[in-house]
Structures are given as C-alpha cells and as structure tokens.
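The structure appears below as structure tokens.
For ligands, and for the atoms within them, numbers begin at 1 and follow the listed sequence.
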Amino acid sequence: MPSSLLKIPSQQRAITQDDNGKPRVTHDAAVPHISSGTVLVKTASVALNPSDFKMGAAFPAPGAIVGMDFSGQIVAIADGTVTDLAVGDTVFAAVHGSNPMRPDNGAFAEYVRADAAMVFRLHASLSPRQAATLGTALSTCTMALWGEHALALSSTPDTAAAAQAPDPLVPVLVYGGSTATGTIAIQLLRLSGYDPIVTCSPRNFELCRSRGASAAFDYTSPDVVGNIQAHTRGLLKYALDCISDAQSVDICYQAIQRPGGKYVSLELVRDELLQKRRAVKAAFVLAPEVYGEEIRLGKGYGRPANPNNRTMAMRLFTSFQRLIDEQKIVPHPSRALDGGLDGIVAGLDLLKSGSVSGEKLVFTI
Ligand code: NAP
C-alpha cells in the first residue's frame with residue numbers, strides 16, 4: 001500500500017528526555033504537526049551523535065524528543081509547501097533534536113518533521129542506514145568550513161569544479177579526521193580544491209586517506225606539531241578541530257604558523273585556551289545554525305537568528321545533493337546495532353564510553 005494512504009497516528013514511540021535530561025523510551029509521544037515548508041517522514045534508520053547525550057546533560061528539556069540524524073520515507077507534505085519532493089520519496093537529513101524550543105521533534109521517533117528545503121533525496125547507491133549517518137556531518141561541515149564567522153573558505157565544490165586548482169593546494173588541518181564529521185570534511189575539502197591533512201589514531205590513517213587526506217598524523221606523538229609544520233612548509237592557515245579539548249586546541253594553534261589563520265571548533269573552547277595567539281581567529285559552530293533560526297541555549301551555545309546561514313546552506317546542500325547523486329561522497333563507516341528504538345539508550349551509553357572509533361552507530365526503526 002502506498003505510504004500516502006497510511007493513516008498517520010497521533011501518538012508514537014520515541015526516545016525522549018526524562019526529568020533529568022536522560023534519554024528513555026516513551027510510548028505516547030505526540031507525532032509532530034507539520035506546517036508550511038515542512039514534511040513528515042516515517043523513520044527508517046537513525047544514527048547516533050555525541051550531542052544526543054550531551055544536550056540532555058547540559059540543557060535538560062524534559063519530554064523533548066532526542067536525535068538528529070535520520071533517513072526515511074515522506075508520508076505527508078504540509079499545505080503551502082513549495083517543493084519538488086513527493087509523498088513516498090525516501091530522504092535523509094538532520095533535525096535539531098533535544099531542542100528546548102521545539103521539544104516535539106527529534107530523529108529518534110517513528111515520525112520526524114523536517115524542513116522540506118533541507119532534506120536530501122536518497123540515491124540508489126546508498127542504503128537508508130548509510131544515509132542516516134550523513135545529515136549532521138553535512139550541516140556541521142557547512143557551518144565550519146563555509147560559515148562567515150568560521151573558516152569562511154572561498155572555494156566550494158561548485159567553484160572548484162570550474163576553476164583551476166592553485167599549486168600547491170591550500171592545506172586544511174582536520175584534527176580528528178576519523179570522526180564522523182572528519183571523514184565528511186576531508187571529502188568536502190578535497191572536492192573544493194583544498195589539501196586535507198588530518199590527525200587521528202594510526203588505526204584510522206587508512207580510513208582518512210581513503211577519503212582524500214594527503215597526510216595523517218598521530219595526535220599522541222610528541223612530534224605531531226613539528227611533523228605538521230614540516231609537511232605544510234609553514235603554509236597552514238586553516239584548522240577544523242573536531243575534538244576541541246585542551247590538547248587539540250594547543251596542537252592546532254601551534255600547527256598554524258605565522259602570520260596566523262583561522263581555527264574552528266565543534267565544542268565551546270574556554271577563552272583562556274584561545275587567547276594565546278591573537279593572529280589566530282577562533283570560532284565555534286553548531287550544526288543547527290544551518291536553519292538560520294535563533295538557537296536559544298545558555299552557556300555560550302545560543303545564537304541569534306541569521307538568515308544568511310540558511311541561504312548559504314541551501315546553496316551548498318544543492319551542491320552536496322549533486323555530489324551524492326554522482327556518488328562522490330562516501331558515508332562514514334557504520335555499525336548497525338539491534339533493538340530498534342529500544343536499543344538506542346544502550347547505544348548512547350556505548351558512544352559515551354569513548355570506545356567507538358571510526359564508525360557511526362545506527363539503528364533500524
Ligand atoms: P565521533 O565519530 O564520535 O568521533 C570518534 C573519534 O574521536 C574516535 O574515533 C577518535 O579517533 C576521536 N577521539 C576521541 N577522543 C579523542 C581525543 N581525546 N583526541 C583526539 N581524538 C579523539 O565524532 P563526531 O560525531 O564527529 O563528533 C566529534 C565531536 O564534535 C564531538 O565532541 C561532538 O559532540 C562534536 N560535534 C559537534 C557538532 C556541533 O554542531 N557543534 C556537530 C557534530 C559533532 P581515533 O580513534 O582515530 O583516535
């Protein structure tokens with residue numbers, strides 16, 4: 001039976017925050033309402049992100065549905081929505097789960113509301129499980145690599161295809177190249193005409209190289225800074241820090257040589273760590289900034305509305321869709337765990353343990 005003929009229930013099973021912000025299975029969460037510009041997706045697969053446990057701990061929002069990354073089939077399109085999408089299309093995207101401002105929506109649920117302008121169509125080369133790993137990584141890279149206050153790189157996959165590559169290519173350090181964000185950043189940088197170099201554990205050197213990194217450095221080596229400086233011959237100006245702790249800030253800052261450059265983190269870094277070198281301009285980005293809406297969170301995580309971000313993201317997402325259709329973006333390796341929605345809480349504990357390396361945990365819903 002076509003999904004358009006399925007009756008959409010008013011209640012659903014979901015992972016929501018308990019009174020302490022901890023994730024738990026809920027059997028009677030409301031199915032989110034859709035308004036103009038949005039679609040309702042019946043979830044097929046979801047992927048886990050560290051923010052799925054960090055958000056509830058830092059910004060508890062009891063009852064809020066958890067989860068960012070999903071894939072699934074469109075079952076309804078809101079009236080007044082201008083889109084090429086149709087009911088029955090299989091799509092993937094990220095949403096801002098655990099969001100105190102929109103607690104009714106998150107990926108870890110049977111139904112997810114998504115912005116029609118910011119979902120990707122599934123290409124036949126990808127499984128729903130693989131596709132579920134991509135949404136947050138693509139949003140994060142959008143803000144980190146091209147955000148006006150972040151690295152603000154001048155070249156994109158579209159402009160690189162039309163321009164002659166500089167010689168030598170401009171190096172960009174991806175600290176934490178083996179993270180789910182890192183392996184996508186490596187590819188987007190390479191496709192945009194940059195030379196991605198990474199730090200990660202030696203066991204993940206090959207993963208990073210397979211995605212386009214020209215060099216990989218062990219971040220535990222005492223020579224890591226010197227090795228990066230020698231490799232880039234003093235030309236490194238840009239660093240994307242996917243780890244964002246005291247050690248990563250230190251290594252990125254030392255690797256960027258005179259006359260300075262730009263550094264972007266994915267977690268808030270204490271000011272005293274950043275003030276060591278004025279010649280390095282630092283930024284901290286959040287994936288949900290792509291929607292251009294206000295992010296109302298405390299502790300330095302809040303953001304005013306910025307429609308420019310949405311405009312930029314929509315342009316880049318069109319380009320990413322082309323790359324996906326041309327099979328030029330390889331998803332992060334994934335590990336499927338059993339249990340559907342009921343398995344997610346244990347999956348988040350596993351992710352939190354720090355033992356997951358070079359792969360994304362996914363569930364079929
Ligand atoms: P992930 O896939 O969960 O990263 C796992 C990898 O991190 C491991 O394979 C390990 O690499 C590396 N790692 C762990 N601890 C490390 C350390 N102390 N030093 C160096 N490397 C370490 O990562 P992710 O999902 O991309 O997330 C990465 C970080 O970015 C998290 O803190 C997450 O919360 C944040 N994030 C923020 C946003 C945002 O919107 N701001 C979006 C996405 C992610 P090796 O095994 O190779 O050592």
In this structure, are over 12 heavy atoms from other groups packed under 6.0 Å from [X] atom [atom1]?
X      : atom1 : result
Arg296 : CZ    : no
Lys22  : NZ    : no
Lys281 : NZ    : yes

Taking NZ, NE, NH1 and NH2 as the nitrogens, is one of them in [X] or [Y] under 4.0 Å from a carboxylate oxygen of the other?
X      : Y      : answer
Arg190 : Asp195 : yes
Arg322 : Asp158 : yes
Arg303 : Glu289 : yes
Arg211 : Glu206 : no
Lys54  : Glu267 : yes

For ligand 1 and [X], I'd like to know whether there is a polar contact (N/O to N/O, distance under 3.5 Å).
X      : value
Glu359 : no
Thr136 : no
Asn49  : no
Pro288 : no
Lys54  : yes
Phe284 : no
Ser178 : yes
Ser201 : yes

Contact atoms of ligand 1, heavy-atom distance to [X] under 4.0 Å:
X      : answer
Cys200 : 47 (O)
Asp245 : 18 (N)
Glu267 : 32 (O), 34 (O)
Pro50  : 3 (O), 25 (O), 27 (O), 31 (C), 33 (C), 34 (O)
Val285 : 39 (C), 41 (N)
Cys242 : 28 (C), 29 (C), 30 (O)
Ser357 : 9 (O), 46 (O)
Asn204 : 45 (P), 46 (O), 47 (O)

Review point. Are Phe284 and Tyr301 an aromatic pair by the rule of ring centers under 6.0 Å?
Key: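 Here the rings of Tyr301 and Phe284 have centres that are less than 6.0 Å from each other.
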Check your understanding: Do Tyr263 and Tyr253 have ring centres separated by under 6.0 Å?
Key ->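 Yes, the ring of Tyr263 comes within the 6.0 Å limit of the ring of Tyr253, centre to centre.
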Review point. Of Ala287, Gly358, Ser355, Cys208, which has the heavy atom at the shortest distance from atom 39 (C) of ligand 1?
Key: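 Minimum heavy-atom distance to atom 39 (C) of ligand 1 goes to Ala287.
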In terms of side-chain heavy atoms, does [X] have a donor or acceptor partner in [Y] at a distance below 3.5 Å?
X      : Y      : result
Ser51  : Asn49  : no
Arg129 : Thr364 : no
Asn204 : Ser201 : no
Tyr291 : Asp115 : no

Give me the residue, atom name and distance of the protein heavy atom closest to [atom].
atom                    : result
atom 2 (O) of ligand 1  : Ala180 N, 2.8 Å
atom 19 (N) of ligand 1 : Tyr219 CE1, 3.4 Å
atom 35 (C) of ligand 1 : Leu266 CB, 3.9 Å
atom 4 (O) of ligand 1  : Thr179 CG2, 3.3 Å
atom 42 (C) of ligand 1 : Thr140 OG1, 3.2 Å
atom 8 (C) of ligand 1  : Val356 O, 3.8 Å
atom 26 (O) of ligand 1 : Thr181 OG1, 2.6 Å
atom 22 (C) of ligand 1 : Ile243 CD1, 3.4 Å

Exercise for review: Show the numbers, then the answer: is there a side-chain contact (heavy atoms from CB on, under 4.5 Å) between Ser36 and Asp79?
Suggested key: CA-CA 6 Å; Ser36 180; Asp79 289 345; over 6 Å; no
Check your understanding: Do any heavy atoms of Arg203 fall under 4.0 Å from ligand 1?
Key ->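 Arg203: in contact with ligand 1 (<4.0 Å).
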